[in-house]
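All figures in this text were calculated on a predicted structure; none of them were measured in a lab. By convention in this document, chain letters (A, B, ...) are assigned in the order of the sequence lines, proteins followed by strands, and residues within each chain are numbered from 1.
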2 protein chains.
Amino acid sequence: MSKRTEKTIVDIAEELNLSVSTVSRALNDHPNISTRTKEKVKKMARKLGYRPNAMAAGLRSNRSRTIGLMVPRISMFFPATISTVIQNKLQEHGYNLLICQSNDSLEQEIALANTLYSARVDALAVSTTLYTTDFSHFDIFRDNNIPLVFFDRVPGTHDVKVVKGDDYRGGLAVTEHLIEKGCTDIVHISGPLSCNLYVERVAGYKKALQRHKIPFKKSRVFYQELTKENALQACARIFAQKPYPDGIFAANDTTAITILEYCRKINVRVPEDLKIVGYSNDPRAEIIRPSITSVDQFPALMGEKVAAALLELIQQPKSTPQQFSQEIIPIQLIERESSAADAKSRTPAKKKQKQG
Amino acid sequence: MSKRTEKTIVDIAEELNLSVSTVSRALNDHPNISTRTKEKVKKMARKLGYRPNAMAAGLRSNRSRTIGLMVPRISMFFPATISTVIQNKLQEHGYNLLICQSNDSLEQEIALANTLYSARVDALAVSTTLYTTDFSHFDIFRDNNIPLVFFDRVPGTHDVKVVKGDDYRGGLAVTEHLIEKGCTDIVHISGPLSCNLYVERVAGYKKALQRHKIPFKKSRVFYQELTKENALQACARIFAQKPYPDGIFAANDTTAITILEYCRKINVRVPEDLKIVGYSNDPRAEIIRPSITSVDQFPALMGEKVAAALLELIQQPKSTPQQFSQEIIPIQLIERESSAADAKSRTPAKKKQKQG
DNA sequence: CCCAAAAATGCAAACGTTTGCATAAAAAGA
DNA sequence: TCTTTTTATGCAAACGTTTGCATTTTTGGG
């Protein structure tokens with residue numbers, strides 16, 4: 001039935017005895033075109049069932065009106081929320097979002113970078129793999145003046161635009177919170193140090209210990225991909241021999257939840273015997289009993305900032321030298337049951353005031 | 001620095017004294033090109049930092065190597081999981097996925113359909129809005145022989161390719177389960193009937209009641225968007241006056257969780273006083289205490305099927321008349337604490353055998 | 001009513017590929 | 001060596017827009 005049905009602006013032009021350029025401009029609301037013509041053209045476009053061809057437009061104009069987004073995985077709470085916000089915001093401004101996930105595989109990340117470049121995205125937002133330490137596969141974008149924004153998992157260098165959480169302060173806040181609740185032997189389950197944000201959280205953790213004159217013990221920190229399986233393995237080691245720690249700072253909530261369930265099984269009481277704090281404020285943390293203290297990273301806010309940064313970078317003329325500002329999203333500790341001070345433990349001595 | 005740096009196949013051709021067509025074919029591994037030439041070309045491409053321009057290729061070949069995916073929202077467990085699977089599978093076959101969310105707004109859905117058509121996606125997978133009853137905005141795709149697959153939330157008509165859960169059986173299974181556990185007054189909190197899948201679940205619910213000779217009461221069914229807020233409102237009404245129901249079948253887990261928490265507040269014991277079953281098997285259902293009985297819809301499997309359907313449709317020649325098979329993904333009731341038979345309640349009489 | 005300025009439209013080249021067809025080169029058959 | 005077949009390569013026209021510049025039409029001032 002419908003074979004060569006695809007109508008083009010040429011068809012519209014012929015139908016109305018206008019030139020293609022006029023039709024093109026009319027459809028794009030170019031100021032030089034009279035209102036009367038615009039209306040005529042749009043009406044005919046509707047009548048013919050004309051559908052613009054984005055590839056043709058993109059090829060000619062060198063703008064795809066598409067923005068790339070790369071995240072480790074979209075099925076996790078934090079990146080999913082961010083993606084949603086970014087997409088909605090960009091949609092408002094007429095941009096499509098090409099969402100891709102690297103599955104935390106560097107190889108896939110590199111392949112996707114190439115694909116997105118081939119698609120000639122107008123900009124790219126990236127939260128990298130856990131294992132990305134070399135960022136050169138993103139150079140094409142910078143070299144060709146394509147706006148590039150890193151968020152959450154970002155490179156350590158300072159020659160890129162970055163939107164990130166305040167991971168140092170997060171690590172600090174969690175650890176001080178545990179100390180204030182009476183913990184003196186705090187395990188930290190961290191992600192791999194190839195990812196900067198964990199480096200910073202560890203730094204915060206260490207700083208808190210130091211402030212409160214608690215010795216840092218290497219054996220009390222685990223570096224691992226923060227999966228359920230790995231959390232279980234860590235538990236096995238942590239609870240293999242006494243003394244058990246009295247506090248655990250887990251770098252994500254999946255880990256915290258797993259530990260909590262493990263404790264239930266081996267009859268370690270939370271928070272009485274052991275206090276647990278997670279990270280990211282996953283919805284599950286609020287629902288589990290005892291509910292888990294966690295750190296809100298304001299993913300919606302982060303998404304807003306990323307979207308805003310993308311739009312700003314796109315709009316400014318290509319010649320403008322890029323500003324490489326770092327944007328730091330604040331964090332907030334959400335206190336819940338898993339780290340509550342239990343009745344019998346006396347309030348810990350505040351040896352030192354927080355110094356902001 | 002890098003101004004007109006964008007290398008094209010023309011540059012490669014000139015560099016090697018070959019024609020552009022040869023270069024193009026060489027890069028695409030066309031059988032007519034000698035191995036020697038292919039190697040030369042690819043080497044030069046690498047040397048020049050050549051990056052294919054997908055828009056140019058797409059314009060000419062009328063294939064974008066991009067597939068569209070439209071879901072209500074990607075931040076919910078079920079669609080997020082499906083999206084992940086689809087993306088990974090398609091990626092293996094060299095396709096990009098353009099993920100969009102309609103935010104359950106019909107208006108946005110229509111706009112997105114147009115956008116995706118403009119992008120000339122090679123195929124489209126859709127899970128519609130709760131309120132989509134007119135599907136004509138997807139006609140463009142069918143009319144132009146662009147493979148179109150609906151999943152989860154699908155049209156009722158039979159002239160489209162569909163992958164869906166077994167919602168009738170799901171509704172039936174949940175309700176019979178509650179009855180078997182002793183419930184005789186079962187509230188059903190359903191989504192709006194504009195969405196077929198809820199129609200089917202309600203049908204299953206009714207069928208189960210009928211089988212067990214329990215009268216259907218209109219006032220015991222709520223039709224609403226399944227948000228937390230709406231769940232709270234429903235709770236207010238349900239528990240405004242006695243007798244309270246002894247079972248609740250919630251059409252998603254967010255609703256089930258909200259009810260559970262509401263019960264805790266008003267001292268209704270679950271499962272002793274009231275049994276609750278949710279739907280979709282959200283991770284939270286397993287974690288909350290009491291854990292919530294729910295229905296696994298096998299999102300990963302559904303994703304696989306959708307991806308497979310897309311690929312199959314793409315590969316078959318355009319002329320082939322489309323087969324409009326319906327694919328039904330089985331469901332599985334996952335029994336948990338929230339619907340456990342309590343000690344004192346006698347096992348209910350099985351008045352009738354399950355029949356299939 | 002004329003002319004300059006402003007507004008509206010048209011021309012044609014480009015954007016970077018792919019691809020049907022023609023041709024050239026190499027291999028094979030006699 | 002000369003055809004014939006097979007294998008490689010080249011030519012040139014698309015694909016559907018956008019856009020700088022030229023041209024035409026309209027407007028308005030005098």
Please determine whether a side-chain nitrogen or oxygen atom of [X] lies at a distance below 4.0 Å from atom OP1 or OP2 of [N].
{"X": "A:Thr8", "N": "D:dG16", "result": "no"}
{"X": "B:Asn62", "N": "C:dT18", "result": "no"}
{"X": "A:Arg63", "N": "D:dT19", "result": "yes"}
{"X": "A:Ser24", "N": "D:dT18", "result": "yes"}
{"X": "A:Ser34", "N": "C:dT9", "result": "yes"}
{"X": "A:Arg36", "N": "D:dT25", "result": "no"}
{"X": "A:Thr37", "N": "C:dT9", "result": "yes"}
{"X": "B:Thr22", "N": "D:dT9", "result": "no"}

Would you please name every residue forming a side-chain contact (heavy atoms from CB on, under 4.5 Å) with [X], sequence neighbours left out?
{"X": "B:Glu15", "result": "B:Met44"}
{"X": "A:Ser105", "result": "A:Glu107, A:Gln108"}
{"X": "A:Glu327", "result": "A:Lys161, A:Val163, A:Lys305"}
{"X": "B:Asp134", "result": "B:Ser136"}

Rounding to a whole Å, what distance do you find between [X]:[atom1] and [N]:[atom2]?
{"X": "B:Leu59", "N": "C:dT19", "atom1": "CG", "atom2": "P", "answer": "12 Å"}
{"X": "A:Asn32", "N": "D:dT18", "atom1": "CG", "atom2": "P", "answer": "15 Å"}
{"X": "B:Arg120", "N": "D:dC15", "atom1": "CZ", "atom2": "P", "answer": "13 Å"}
{"X": "A:Glu14", "N": "D:dT17", "atom1": "CD", "atom2": "P", "answer": "13 Å"}
{"X": "A:Met55", "N": "D:dT17", "atom1": "CE", "atom2": "P", "answer": "11 Å"}
{"X": "A:Ile33", "N": "C:dA6", "atom1": "CD1", "atom2": "P", "answer": "19 Å"}
{"X": "A:Asp11", "N": "D:dC15", "atom1": "CG", "atom2": "C1'", "answer": "13 Å"}
{"X": "B:Asn28", "N": "C:dG16", "atom1": "CG", "atom2": "C1'", "answer": "13 Å"}

(message) The test is side chain to side chain donor-acceptor pair (under 3.5 Å); show your working for B:Thr22 and B:Ser19 and say whether it passes.
(response) CA-CA 5 Å; B:Thr22 301; B:Ser19 72; 3.0 Å; yes

Report all side-chain donor-acceptor pairs from residues 45-55 of chain A shorter than 3.5 Å, counting only partners two or more places apart or in another chain.
unit_1, atom_1, unit_2, atom_2, d
A:Arg51, NH1, B:Asn114, OD1, 2.3
A:Asn53, OD1, A:Met55, N, 2.8
A:Asn53, OD1, A:Ala56, N, 3.0

(request) Check every strand shown and say whether A:Asn17 touches a base, only sugar-phosphate, or nothing at a heavy-atom separation below 4.0 Å. (result) sugar-phosphate

(request) Quick one: label B:Arg51 by what it contacts on the DNA or RNA (base, sugar-phosphate, nothing), any heavy atom closer than 4.0 Å. (result) sugar-phosphate

(request) Check each residue of residues 38-49 of chain B for a non-hydrogen atom within less than 4.0 Å of any atom in DNA chain C, then write out the ones that pass by number, or none. (result) none

With sequence neighbours excluded, tell me which residues meet side chain to side chain donor-acceptor pair (under 3.5 Å) with [X].
{"X": "B:Ser34", "answer": "B:Thr37"}
{"X": "A:Thr81", "answer": "none"}
{"X": "A:Asp159", "answer": "A:Thr157"}
{"X": "A:Lys43", "answer": "none"}

(request) State whether a side-chain donor-acceptor pair under 3.5 Å links B:Glu109 with B:Thr132. (result) yes

(request) Just compare C:dT17, D:dT9, D:dT18 and give me whichever is closest to any side-chain atom of B:Ala57. (result) C:dT17

(request) Compare the minimum distances between each of D:dT19, C:dG16, C:dT18 and the side chain of B:Asn53, then state the nucleotide with the smallest one. (result) C:dG16

(request) Could you tell me whether A:Lys7 and A:Glu14 make a salt bridge, using a distance below 4.0 angstrom between a side-chain N and a carboxylate O? (result) no

(message) Assess whether a salt bridge exists between B:Asp104 and B:Arg73, defined as any Lys/Arg side-chain N lying under 4.0 Å from an Asp/Glu carboxylate O.
(response) yes

(message) Roughly what angle, to 10°, lies between the helix axis at the start of the helix from C:dC1-D:dG30 to C:dA30-D:dT1 and the one at its end, five pairs per end?
(response) 30°

(request) Record whether the side chain of A:Arg60 comes under 3.5 Å of the base of D:dT18 through a donor-acceptor pair of N or O atoms. (result) yes

Each nucleotide N or O in nucleotides 20-28 of chain C that has a protein N or O under 3.5 Å away: list the pair and distance.
unit_1, atom_1, unit_2, atom_2, d
C:dG20, O6, B:Arg25, NH2, 2.9

